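Each remark here refers to the structure printed beneath this line.
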There are 2 protein chains.
Amino acid sequence: MSARSLTIGRLADSAGVNLETVRYYERIGLMPAPARTEGGHRSYEPEHAQRLRFIRRSRELGFGIDAIRRLIALSEPGVQACCEVRDMAQDHIASVDAKIEDLQRLRKVLRQAVADCSEGGRVRCPVIDELGSS
Amino acid sequence: MSARSLTIGRLADSAGVNLETVRYYERIGLMPAPARTEGGHRSYEPEHAQRLRFIRRSRELGFGIDAIRRLIALSEPGVQACCEVRDMAQDHIASVDAKIEDLQRLRKVLRQAVADCSEGGRVRCPVIDELGSS
DNA sequence: CTTGATCCTGTAGCGGCTACGGGTTGTAGC
DNA sequence: GCTACAACCCGTAGCCGCTACAGGATCAAG
């Protein structure tokens, strides 16, 4: 166990990720299986920490596991794949845009229903009516 | 079987919901168990269709199953619960707002990385660098 | 050497469906 | 009335991305 080795707990903490998630990532092949101590405990090197941070950051930005797999492959040194990465990011931006628009639309409906609620004089609940419509 | 009865397939179609989803809703108690034909097929009345549309609409607006359960209870005739419904809607709007802001933030990061990409002169991929940072 | 924190594996659960497989019923046409 | 085939039945398993156990082994500090 070298001086820079990390236990799974420290690794997880250092990347801001749940410990069980690290094992999950290993199981699905997103993190490489690390060396083990004699007793069978996982022993990570600093490059594992970097990889895990990369994954966490990608997740935060909304990339799915498969996309991250591709991003990792494309980020290997020696691979000239900036264009592909940019295309993936652009696709992802498009889907984020779509999601934002969806949410804005439904927010508008909800706001309208709530606003109707605050006006007096109605017999029934405008929010319930909105849900019942269509 | 009355003239207005519906099979599960017609019910599902009429509400724009997958047939299996209807059975799922019954299993989790979101839809009431309907009458059955002699042969055991489900037989729905028009009020089931209305309920199912209510659920679908609520899902479209992003309410979770538990929230819908409460909304259904509050929408029972005789319940004066417009304020509670409005509060639920407002809470939901707040969470939608938060989600929109999250997505807008990450969109900004992605756009910046892609924009950096389009400028020449960089040695490494700015998107990959962004993912590796932090 | 003891204690207690950390680690191990395996499995099951979450939400909200969706998709089988293998069997039974309903219904339209002849 | 009979046949064909669509539509239904139930139960179970899978999807994503984790998270949370249980029941045990190991590690490190005192």
Side-chain angles (χ1 to χ4, degrees), chain A residues 1-3 5-31 33-44 48 51-52 54-72 92 95 99 102 106, chain B residues 1-3 5-31 33-44 48 51-72 92 95-96 99 102 106:
Chain A
M1 202 163 177
S2 95
S5 300
L6 295 165
T7 64
I8 190 171
R10 286 185 193 288
L11 177 83
D13 284 352
S14 83
V17 163
N18 190 309
L19 183 151
E20 323 247 28
T21 303
V22 179
R23 285 201 282 254
Y24 169 71
Y25 286 161
E26 180 180 330
R27 213 164 48 240
I28 64 171
L30 202 53
M31 285 289 289
R36 299 283 183 137
T37 65
E38 287 202 355
H41 286 199
R42 289 171 179 81
S43 176
Y44 293 95
H48 290 106
R51 170 104 155 218
L52 186 55
F54 183 96
I55 295 168
R56 197 215 56 189
R57 187 87 176 112
S58 302
R59 288 291 304 132
E60 277 175 7
L61 290 176
F63 287 99
I65 298 293
D66 278 351
I68 297 175
R69 256 186 251 279
R70 267 171 278 146
L71 288 171
I72 287 172
H92 185 48
S95 79
K99 206 169 289 171
D102 277 358
L106 72 84
Chain B
M1 201 170 178
S2 94
S5 301
L6 294 165
T7 65
I8 191 172
R10 286 184 194 290
L11 177 82
D13 284 352
S14 83
V17 163
N18 190 310
L19 183 151
E20 322 247 29
T21 303
V22 179
R23 285 200 283 253
Y24 169 70
Y25 286 160
E26 180 180 329
R27 215 165 45 240
I28 64 172
L30 201 52
M31 286 288 288
R36 298 282 184 137
T37 65
E38 287 202 354
H41 287 198
R42 289 171 180 81
S43 177
Y44 293 96
H48 290 104
R51 171 105 154 217
L52 186 55
R53 277 193 298 273
F54 183 96
I55 295 169
R56 198 214 56 188
R57 186 88 176 111
S58 303
R59 288 291 303 132
E60 277 175 6
L61 290 176
F63 287 99
I65 298 293
D66 278 351
I68 296 175
R69 258 186 249 278
R70 267 171 278 147
L71 288 171
I72 287 171
H92 186 47
S95 79
V96 170
K99 207 169 288 173
D102 277 358
L106 70 86

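None of these values were measured; they are calculated from a predicted model. The figures that follow rest on heavy atoms only: side chains count, while hydrogens, waters and symmetry mates do not. Numbers restart at 1 for each chain; the letters A, B, ... are given by sequence-line order, proteins then strands.
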**Report entry** side-chain contact (heavy atoms from CB on, under 4.5 Å) partners of B/E60, counting only residues at least two apart
**Finding:** B/R56, B/R57

Query - Nearest-Å distance for atom pair CG/P, residues A/L30 and D/dC16 - result: 13 Å

Query raised in the report: Got a sec? Which of residues 61-69 of chain A come in under 4.0 Å of DNA chain D, heavy atoms?
Result: A/G64, A/I65

Query raised in the report: With A/N18, which residues qualify under side-chain contact (heavy atoms from CB on, under 4.5 Å), at least two apart?
Result: A/E20, A/T21

Requested in this report: Please lay out, stage by stage, how B/H41 and B/T7 fare under the test side-chain contact (heavy atoms from CB on, under 4.5 Å).
Outcome: CA-CA 8 Å; B/H41 287 198; B/T7 65; over 6 Å; no

Query raised in the report: For B/I55 and C/dC17, what is the distance between atoms CD1 and C1' respectively, to the nearest whole Å?
Result: 13 Å

Requested in this report: List for me each residue that meets side-chain contact (heavy atoms from CB on, under 4.5 Å) alongside B/S95, sequence neighbours excluded, and say none if there are none.
Outcome: B/H92

Query raised in the report: Going by heavy atoms in the side chains, are A/H48 and A/L11 under 4.5 Å from each other?
Result: yes

Requested in this report: Pull out every residue in residues 8-19 of chain B that has a heavy atom closer than 4.0 Å to any atom of DNA chain D, ordered by number, or say none.
Outcome: B/I8, B/G9, B/L19

Atom pairs, protein N/O to nucleotides 2-6 of chain D N/O, distance under 3.5 Å:
none

Report summary line: Closest non-hydrogen atoms of B/V17 and B/V22, given as atom of the first, atom of the second and distance, are CG1-CG2, 4.0 Å

Query raised in the report: Nearest nucleotide by nearest heavy atom, which residue falls closer to the 5' end of DNA chain D, A/G39 or B/G39?
Result: B/G39

Filtered N/O pairs between nucleotides 10-14 of chain C and protein, under 3.5 Å:
none

Requested in this report: With sequence neighbours excluded, tell me which residues meet side chain to side chain donor-acceptor pair (under 3.5 Å) with A/D13.
Outcome: none

Query - N/O (side chain, A/R59) to phosphate O (OP1/OP2, D/dC16) under 4.0 Å - result: no

Query raised in the report: Does a side-chain N or O from B/Y25 land closer than 4.0 Å to OP1 or OP2 of C/dC17, or not?
Result: yes

Query raised in the report: Within this structure, what is the OH-to-P distance between A/Y24 and D/dC18, rounded to whole angstrom?
Result: 6 Å

Query raised in the report: What's the spacing between B/D102 CG and A/L61 CG if we round to 0.5 Å?
Result: 11.0 Å

Requested in this report: Go through the steps to decide whether B/Y25 and B/I65 satisfy the test side-chain contact (heavy atoms from CB on, under 4.5 Å), and finish with yes or no.
Outcome: CA-CA 9 Å; B/Y25 286 160; B/I65 298 293; 4.2 Å; yes

Query raised in the report: To the nearest angstrom, how far is B/R36 atom CZ from C/dT24 atom C1'?
Result: 13 Å

Query - With sequence neighbours excluded, residues passing side-chain contact (heavy atoms from CB on, under 4.5 Å) with A/R51 - result: A/M31, A/P32, A/I55, A/I72, A/E76

Requested in this report: Please name the pair of heavy atoms, one in B/T37 and one in B/S43, separated by the smallest distance, quoted to 0.1 Å.
Outcome: CG2-CB, 4.5 Å

Query raised in the report: Atom NE2 of A/H41 to atom P of C/dC7: distance rounded to whole Å?
Result: 8 Å

**Report entry** Interatomic spacing from CZ in B/R36 to CZ in B/R42 - rounded to 0.5 Å
**Finding:** 4.0 Å

Query raised in the report: Considering only heavy atoms from C-beta outward, does the side chain of B/R23 approach that of B/I8 to under 4.5 Å?
Result: yes

Query raised in the report: Is there a side-chain polar atom (N or O) of A/R42 under 4.0 Å from OP1 or OP2 of C/dC8?
Result: yes

Query raised in the report: Looking at A/T7, does any N or O in its side chain come under 4.0 Å of the phosphate oxygens OP1/OP2 on C/dT6?
Result: no

Query - Residue list, salt bridge (Lys or Arg N to Asp or Glu O under 4.0 Å) with A/R69, at least two apart or on another chain - result: A/D66

Query - Whole-Å gap separating C1' (C/dT6) and CG (A/L6) - result: 14 Å

Query raised in the report: Closest nucleotide of DNA chain D for A/E38 versus for A/T21: which of these residues is on the 5' side?
Result: A/T21

Report summary line: B/E60 atom CD is separated from C/dC17 atom P, nearest whole Å, by 11 Å

